[in-house]
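Quick notes on the structure that follows.
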Number of protein chains: 2
Amino acid sequence: MSAADRPRAGCRPLIDDKWSLVVISFLGSGPRRFTELRRGIDGISQRMLTVTLRSLERDGILVRTIHNVMPPNISYGLTPLGVSFLESVTPMLEWSQANLKHVEAARVAYDAQKVLEGR
Amino acid sequence: MSAADRPRAGCRPLIDDKWSLVVISFLGSGPRRFTELRRGIDGISQRMLTVTLRSLERDGILVRTIHNVMPPNISYGLTPLGVSFLESVTPMLEWSQANLKHVEAARVAYDAQKVLEGR
DNA sequence: CCGAATCCTTTCCGATACTG
DNA sequence: CAGTATCGGAAAGGATTCGG
């Protein structure tokens, strides 16, 4: 990779909080309702789901749609901007899955070395 | 994008803290010394640079090298694992740069709408 | 120059209770 | 079902000081 191919140093990700990526990748397979998200995303609290959805709606990453059927329900789906973002993070998500073992091994080796050195 | 192309829902990025991506992308152009990083990365405190470097060293993303020249100095450089990670985040970093204006515009529109609705 | 240690403030976030 | 409001503990992070 040459320097010209890379974004300039110091640039920051626009979406970088704890739950946004998980929510976005969950919505990659199609719109979901609040409760589906809550049950489908392990460990998220109701509060953080609400906060995250609001923030992503504000950023134009997803849209909140109220369906006037009986009973009424609300769904969340990615916008075209959200889809393009998901596509851009997919390589990083795949890297994380593929290299989880490598990173864990590096941590174990590092910690073991620290113990040998006497903290 | 089909469902099979995507990492399974709920997977989490291995590196997702505030400063790691900035440090890694800064090191993409080659090894740097502590003070170069400190001066080159806008807004990072000395403490957070230290903490971030340790964490990334532990993860096997970068290596700390002590050069026994006069005067001695210490440099930080990406490992092959770190380079592969940087390559995987590059699309997301480029997306962030390319869509900053879009997202900011969406935020302004959202906030304006909220005001119209009377909070 | 590099970084550890301490202190202190800010922000995050889960639990809980309540509304249409 | 789909939220909002509030509270308190936990964690992040900045400022400062000290040491090799």
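The sequence lines fix the lettering, A, B, ..., with proteins before strands; numbering per chain opens at 1. Scope of the values below: all heavy atoms of this structure, side chains included, with no hydrogens, waters or symmetry mates.
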message = Is it the case that the base of C:dA4 and the side chain of B:Q46 share a donor-acceptor contact (distance under 3.5 Å, atom types as modelled)?
response = yes
ask   = C:dA5 C1' sits how many Å from B:M48 CE, rounded?
value = 15 Å
B:S84: side chain to side chain donor-acceptor pair (under 3.5 Å) partners, not counting sequence neighbours = A:W95
key: A:R47 side chain, from C-beta outward: closest of C:dT6, C:dG14, C:dC2   = C:dG14
request  = Return the value, rounded to whole Å, for the distance between atom CD1 of A:I44 and atom P of C:dG14.
outcome  = 8 Å
message = For A:R33, is there an ion pair with A:E36 - N to carboxylate O distance below 4.0 angstrom?
response = no
task = Compare every heavy atom of B:S25 with every heavy atom of B:L93, then report the nearest pair and how far apart it is.
result = CD2-CB, 4.2 Å
task = Using whole Å, report how far OH of B:Y76 lies from C1' of C:dC1.
result = 11 Å
request  = Please state how far atom CD in B:E57 lies from atom P in C:dG3, giving the value in whole angstrom units.
outcome  = 9 Å
request  = Assign B:R38 to base, sugar-phosphate, or nothing according to its heavy-atom contacts below 4.0 angstrom with the strands shown.
outcome  = nothing
Hey, can you pull the donor-acceptor pairs under 3.5 Å for the side chains in residues 64-73 of chain B, sequence neighbours left out?
| from | atom 1 | to | atom 2 | distance (Å) |
| --- | --- | --- | --- | --- |
| B:R64 | NE | B:Y76 | OH | 3.4 |
| B:H67 | NE2 | B:S75 | OG | 2.8 |

query = Taking only side-chain nitrogens and oxygens of B:R54, does any of them come within less than 4.0 Å of OP1 or OP2 of C:dG3?
reply = yes
task = Under 4.0 Å from any heavy atom of chain B: name the first and the last nucleotide of DNA chain D that qualifies, 5' to 3'.
result = D:dG13 to D:dT17
task = To the nearest Å, give me how far apart CG (A:D17) and C1' (C:dC12) are.
result = 11 Å
ask   = Per the side chain to side chain contact (heavy atoms under 4.5 Å, CB included) rule, which among B:L86, B:V23, B:L56 passes with B:L78?
value = B:L86
inquiry  = Against A:L62, only a single residue in A:L81, A:I24, A:L53 fulfils side chain to side chain contact (heavy atoms under 4.5 Å, CB included); can you say which?
reply    = A:L53
